[in-house]
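Here the structure is laid out as structure tokens; the discussion comes afterwards.
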Protein chains: 2
Amino acid sequence: MTPPLGETIREHFERQILAGTLAPGARLPTEQQIMAQFGCSRMTVSKALTALATAGLIERRKRAGTFVARPRVHSMVLEVPDLAALVAARGQAYRYRLDQRDTVTSGEGHLAGHPALHVSGVHFADDRAMAVEDRLVSLAAVPDIAAADLNAEAPGTWLLHHVPWTEADSRITALGASPAEALLLGVEAGTPCLCVERRTWRGTDPITHVRQVFRGDSYELVAHFGPGAS
Amino acid sequence: MTPPLGETIREHFERQILAGTLAPGARLPTEQQIMAQFGCSRMTVSKALTALATAGLIERRKRAGTFVARPRVHSMVLEVPDLAALVAARGQAYRYRLDQRDTVTSGEGHLAGHPALHVSGVHFADDRAMAVEDRLVSLAAVPDIAAADLNAEAPGTWLLHHVPWTEADSRITALGASPAEALLLGVEAGTPCLCVERRTWRGTDPITHVRQVFRGDSYELVAHFGPGAS
DNA sequence: CCGCCAATAATGTATAGACATTATCGAAAC
DNA sequence: GTTTCGATAATGTCTATACATTATTGGCGG
């Protein structure tokens, strides 16, 4: 019934910070004062403040005290959901069509020199083309993919379920559909599309490099920043 | 010199999880076993595991034990730099031109019912139009902006320096430039552009709503995920 | 007036123990 | 067999204390 005391303390300051009662840069009471105020031990206070610090709401400086963090502007959380799950969540039928599959050894880029499986295909939502995808998967890092049925499961989904990755980056750009892409997407050449290029690694080993071109009118990326980070 | 013991324990399991040695669903040793293994008290182990649980790497279940979390929807960190700083970092000259400034009370959306300052203008890099921006700023939440010189400092930059926000979301889409936008950007209508729409709040009070349309050929968003996320 | 240094006030980490909570498991009762 | 229910093994929280670390502050000497 009673919420944990540490949680109570955490929420107490979180509320004040979010409401602006405690402005950025303001100093919080010392741990001693807080433990007197709430009648608990210092460890409990410390854990509550540690949680707030981890969430980026406060900054703790030895000898100086604890302060409300100035909002850090530059990073937001970009959700990168699995396409199959995303489409399913919208109540549409998802399908992936594999168009091409071969083995290559590219000479440049992220997977340079590694033998790789090259697959390209189209993602459909309710039988409407949503995105074209062109992907390289390192056969050294992911030998199992050679045996996978990539018609039944899109390569991205397969990788998500079978291969943990530790590092990734994405470039997001807008471009006009090339004639080939336009044909696959069922739009006119030059139609604005969202292009996501992503590279992933496991440790230092490259896993995959994918380029997805989405119909601009049927896909959007959303990013979020906030204390409700959960 | 010696790293904190709790940190050592955290890294020990983090490495094993990221490397795949501990596969998703696998069970970690009990806290008792870990404290025996590292020769420390249970609180230390508990704090290390709590940190991993907060980061979403493990899941702890009473009576049952601690398990490697199944890979969730992966989220990445999207860098959203201040445009002025971004352009400066590229070694180009940044300029903002304010085209329009008035006061409105919109009837719908994020700022519905709030009197707001409406500003629109163009961002330039080396005198080349990079993006058009259309922005509403709540006058209730940010009264000071009425007195700001938004020719000297772009509204986004001004807000960044003067107003803390606690929550934000962004929608990223691709679209063709409208005739008006095309004129301002110096491109042909229909040219693919990257559109970022962002809303920010402080607590539950809306602060600003901005729509930025970037030339597709001169801007890209970059997102990153990795243990270097600290 | 300036620079150095030591006292100090704050957080950082850790210990050893206690009791609370809860899902699971196994045995007893039906 | 099936259900119920209590024992139990694990995590969850908290206390009281100790010592480490570090940035600030203020005093002392040049």
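Quick note on labels: first sequence line is chain A, next is B, and so on, each numbered from 1. What you see is a predicted model; the values in this text were computed from it and never measured.
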Side chain to side chain donor-acceptor pair (under 3.5 Å) partners of A:D134, counting only residues at least two apart: A:H118

Which residues pass the side chain to side chain donor-acceptor pair (under 3.5 Å) test with A:T208, sequence neighbours left out?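 Side chain to side chain donor-acceptor pair (under 3.5 Å) check on A:T208 returns A:R135.
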
Quick check on C:dA10: is either OP1 or OP2 less than 4.0 Å from any side-chain nitrogen or oxygen of A:T66?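 A:T66 to C:dA10 OP1/OP2: no side-chain N or O under 4.0 Å.
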
Between A:A64 and B:T30, who's closer to the 5' end of DNA chain D by nearest nucleotide? B:T30

Which sits closer to the 5' end of DNA chain D, B:R63 or B:T50, going by the nucleotide each is nearest to?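 Upstream on the strand: B:R63.
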
Bend angle of the helix from C:dC1-D:dG30 to C:dC30-D:dG1, from helix axes over five pairs at each end, nearest 10°: 0°

is_close_aromatic(A:F214, A:H123), centroid dist under 6.0 Å: no

Using the side chain to side chain contact (heavy atoms under 4.5 Å, CB included) criterion, which residues pair with [X]? Sequence neighbours excluded.
| X | answer |
| --- | --- |
| A:R95 | A:R97, A:F124, A:D127 |
| A:A93 | A:D126 |
| B:A36 | none |

Give, ordered by number, those residues of residues 33-49 of chain A having at least one heavy-atom distance below 4.0 Å to an atom of DNA chain D; if nothing qualifies, reply none. A:G39, A:C40, A:S41, A:R42, A:M43, A:T44

Atom pairs and distances, side-chain donor-acceptor, residues 46-54 of chain A, under 3.5 Å, sequence neighbours left out:
unit_1 : atom_1 : unit_2 : atom_2 : d
A:T50  : OG1    : A:S46  : O      : 2.7
A:T50  : OG1    : A:R60  : NH1    : 3.0
A:T54  : OG1    : A:T50  : O      : 2.9

Strictly by side chain to side chain donor-acceptor pair (under 3.5 Å), give each pair with a member in residues 143-154 of chain A just once, sequence neighbours left out. none

